[in-house]
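Taking it in order: structure first as structure tokens, then the write-up.
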Amino acid sequence: MKKNIIAGFAAILLLASCKDDKKVLDSLADYNNSMEQKGYHFGDKLTLPKEVTDDAASISISFGDKETSDLTIDPKFFTLGDNAVTFNIKTKDGETLTQDATINVFAKNPEKNISYQVVAEYPHDPRNFVQGFQIEGNIIYESDGQNGSSQILKYTLGTTTPLASTKQAQEDFSEGSAIVGDKVYQLTWQSKKGYIYDKNSLKLLSEFAYPNVLGEGWGLTYDGKNLIASDGSKLLYFLDVNNPSKMVRYIAVAGSSQAYDQLNELEFHNGFIYANVWQKPIILKINPANGEVVGTFDFTDIAKQNTKGSDDVLNGIAFKGENMLVTGKNWSKIYEVAIK
């Protein structure tokens, strides 16, 4: 009889404990769901519900191979944009509870809407599926995609006749490109390698493998020290220009209320990174130190004049002095805009 009473008490305690654990996890889930859309900023403290903290002996957050018990949004631990984390709670009863969540981190300052005026238009070969786009002097350097027709070429702004060009292999799909001194670097989409050309002749000099973190090749630019590559995610990768197979660092990109992914063609100018967003008529102005989007250009009106399907979208940024040149895949025009 005594054993039955003890067993009954144990069952009651177990049931109460399970109810308490469920209450803790439900309360944590409600909190995380409410904060997912609102997001955090660097330096913010996670103010977890009383139902969670009162029952916890310790709380930590794990993210990838890192774990912290400091419930502060620290840039050493979190990135801008979405962070897939796991909350680890050790209760005062000795139980270990875990719950997955998404912590969104946004820039503190709202992006500025940057205005501009179209000041000139130039012809562009509509056969060119623009992936990389630069200008040096009055010469356009362009990387064009599509399997079987990928190439690197250059031509004088105002004409469409190539001064030089080099075709890629059938299996390559050319992507972003960047000028570095007397060379042009070019990415491929899924071949996991890039090419280096002589800038004058566009003769192929060598190739390089991507660092493992770079899933695909999308956009490419050069900041005077490192190559900067995009792979269609929210991340921008800084690569050693002398060894592009080596990643130096990376940043995640976000504005004040949303993360941006599908970052495509890139350009570096006057200390900022400019990025197309795939299939959207906008260009982002990004702080390379932390990935914060400080401004956006809306090219909806220009894109409407040139986009008829799903592929012929805005995708080309270059700077002619302080004016920006923009074009797109299979567009018949290049637009020069003065930034206001």
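All of these numbers come straight from a predicted model, not from anything done at the bench. When a residue number appears, it is its place in the shown sequence, counting from 1.
No side-chain donor from either of Thr91 and Asp93 sits under 3.5 Å from a side-chain acceptor of the other. Side chains of Glu322 and Asn270: a donor-acceptor N/O pair is present below 3.5 angstrom, by distance only. Judged purely by distance below 3.5 Å, without hydrogens or angles, the side chains of Tyr141 and Glu136 never pair a donor atom with an acceptor atom. Between the side chains of Ser174 and Gln186, at least one donor N or O lies within less than 3.5 Å of an accepting N or O. Asp100 and Thr86 share a side-chain donor-acceptor pair at under 3.5 Å. Between the side chains of Asp231 and Ser233, a donor-acceptor pair is found at a separation under 3.5 Å. A donor-acceptor pair shorter than 3.5 Å can be found between the side chains of Glu67 and Ser60. Side-chain atoms of Asn264 and Asn315 include a donor-acceptor pair closer than 3.5 Å. When only modelled atom types and interatomic distance are considered, Asp30 and Ser34 share no side-chain donor-acceptor pair under 3.5 Å. Side-chain N/O atoms of Lys50 and Ser27 include no donor and acceptor closer than 3.5 Å. No side-chain N or O of Gln134 forms a donor-acceptor pair with one of Glu142 less than 3.5 Å apart.
Between Leu325 and Asn323 there is no side-chain heavy-atom pair separated by less than 4.5 Å. Using a 4.5 Å heavy-atom cutoff, the side chains of Ile103 and Phe63 are not in contact. Looking only at side-chain heavy atoms (C-beta outward), Leu28 and Asn32 come within less than 4.5 Å of each other.
Criterion: ILVMFWY side-chain heavy atoms under 4.5 Å apart, direct or through other members. Under it, Ile302 and Ile283 are part of a common hydrophobic cluster. The hydrophobic cluster containing Phe133 does not contain Tyr335, counting ILVMFWY residues as joined when their side-chain heavy atoms lie under 4.5 angstrom apart, directly or transitively. Put simply, Leu263 and Ile251 are part of the same group of oily side chains (I, L, V, M, F, W, Y) that touch within less than 4.5 Å, one to the next. There is no path of hydrophobic side-chain contacts, each under 4.5 Å, that joins Ile140 to Val180. Note: the hydrophobic cluster containing Ile179 does not contain Val241 (ILVMFWY, side chain heavy atoms under 4.5 Å, direct or indirect links).
The OG1 atom of Thr166 sits 5.0 Å away from the CG atom of Leu202 when rounded to the nearest 0.5 Å. Rounding to the nearest 0.5 angstrom, the gap separating the OG1 atom in Thr53 from the CD1 atom in Ile59 is 6.5 Å. Between the CG atom of Asp261 and the OG atom of Ser230 there is a distance of 11.0 Å, given to the nearest 0.5 Å. The distance from the CZ atom of Arg249 to the CG atom of Leu236 is 9.5 Å, given to the nearest 0.5 Å. Between Ile317 atom CD1 and Tyr274 atom OH the span is 9.5 Å, to the nearest 0.5 Å. Rounded to the nearest 0.5 angstrom, Glu51 CD and Asp26 CG are separated by 10.5 Å.
The main-chain N or O of Asp312 is found under 3.5 Å from a side-chain atom of Trp331 such that the two form a donor-acceptor pair. Panel note: side chain Thr72, backbone Asp74; no donor-acceptor pair is recorded below 3.5 Å. Between the side chain of Tyr210 and the backbone N or O of Thr188 there is at least one donor-acceptor pair closer than 3.5 Å. Side chain of Asp54 to main chain of Val52: no donor-acceptor pair is present (N/O by atom type, distance under 3.5 Å, no hydrogens or angles). The closest donor-acceptor contact from the side chain of Asp44 to the backbone of His41 lies under 3.5 Å. Not a single donor-acceptor pair under 3.5 Å links the side chain of Asn276 to the backbone N or O of Trp278. Proximity of a side-chain donor or acceptor of Asn128 to a complementary backbone N or O of Asn330 within less than 3.5 Å is not detected.
The 12-atom threshold is exceeded at CZ of Phe319, counting heavy atoms of other residues, nucleotides or ligands nearer than 6.0 Å. Within a 6.0 Å sphere centred on NZ of Lys246, heavy atoms belonging to other residues, nucleotides or ligands number 12 at most. More than 12 heavy-atom neighbours from other residues, nucleotides or ligands sit within 6.0 angstrom of NZ on Lys193.
Not a single salt bridge (charged side-chain N to carboxylate O under 4.0 Å, His left out) links Lys285 to another residue, sequence neighbours left out.
Nearest heavy atom pair, residue Ala229 against residue Leu266, reads C-CD1, 4.0 Å. Here the closest non-hydrogen pair linking Ile152 and Gln168 is N-OE1, 3.8 Å. The heavy-atom pair separating Lys154 from Lys199 by the smallest distance is NZ-O, 3.3 Å. When all heavy atoms are compared, the tightest approach of Ser177 to Ser143 is OG-CB, 3.6 Å. Residues Pro110 and Ser256 approach most closely at CA-OG, 3.4 Å, considering heavy atoms. Of all the heavy atoms in Val130 and Asp144, the pair that sits closest is CA-OD1, 3.5 Å.
Under the 30°/60° scheme for interplanar angles, the aromatic rings of Tyr185 and Phe208 are found to be tilted. The aromatic rings of Phe299 and Phe297 sit parallel, their planes meeting at an angle under 30°, below the 60° perpendicular limit.
Using a cut-off of 4.0 Å between Lys/Arg side-chain N and Asp/Glu carboxylate O, Lys320 and Glu336 are scored as salt-bridged. Contact check on Lys333 versus Glu121 returns a salt bridge, with a Lys/Arg side-chain nitrogen under 4.0 Å from an Asp/Glu carboxylate oxygen. For Asp298 and Lys280, the salt-bridge test fails: no basic side-chain N is under 4.0 Å from an acidic carboxylate O. A salt bridge is absent between Asp223 and Lys225; no separation between the charged side-chain nitrogens and carboxylate oxygens falls under 4.0 Å. A salt bridge links Asp82 to Lys234: one of the charged nitrogens lies within less than 4.0 Å of a carboxylate oxygen.
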Show your reasoning for whether side-chain contact (heavy atoms from CB on, under 4.5 Å) applies to Val294 and Lys112.
CA-CA 6 Å; Val294 299; Lys112 293 180 179 178; over 6 Å; no
Please report the C-alpha distance between Phe129 and Asp311 in whole Å, then the side-chain angles of each, then the deciding distance to 0.1 Å, and finally whether the side-chain contact (heavy atoms from CB on, under 4.5 Å) criterion is met.
CA-CA 9 Å; Phe129 195 76; Asp311 290 335; 4.0 Å; yes
Evaluate side-chain hydrogen bond (donor to acceptor under 3.5 Å, both in side chains) for Tyr195 paired with Asp172, printing each intermediate quantity in order.
CA-CA 11 Å; Tyr195 296 113; Asp172 286 338; 2.5 Å; yes
Can you list the steps and then say if Tyr31 with Leu48 is a side-chain contact (heavy atoms from CB on, under 4.5 Å)?
CA-CA 7 Å; Tyr31 170 79; Leu48 300 180; 3.5 Å; yes
Test side-chain contact (heavy atoms from CB on, under 4.5 Å) on Thr307 and Leu314; report intermediate values, then the result.
CA-CA 8 Å; Thr307 302; Leu314 177 75; over 6 Å; no
Could you walk me through whether Glu267 and Tyr222 pass the side-chain hydrogen bond (donor to acceptor under 3.5 Å, both in side chains) test, one step at a time?
CA-CA 8 Å; Glu267 184 72 17; Tyr222 178 58; over 6 Å; no
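The stretch residues 155-175 participates, sequence neighbours left out, in these ring-ring contact (aromatic ring centres under 6.0 Å, His included) pairs: Phe173-Trp189.
Annotation: cation-pi pair Lys66/Phe77 present, NZ/CZ under 6.0 Å from the ring centroid and within 45° of its normal.
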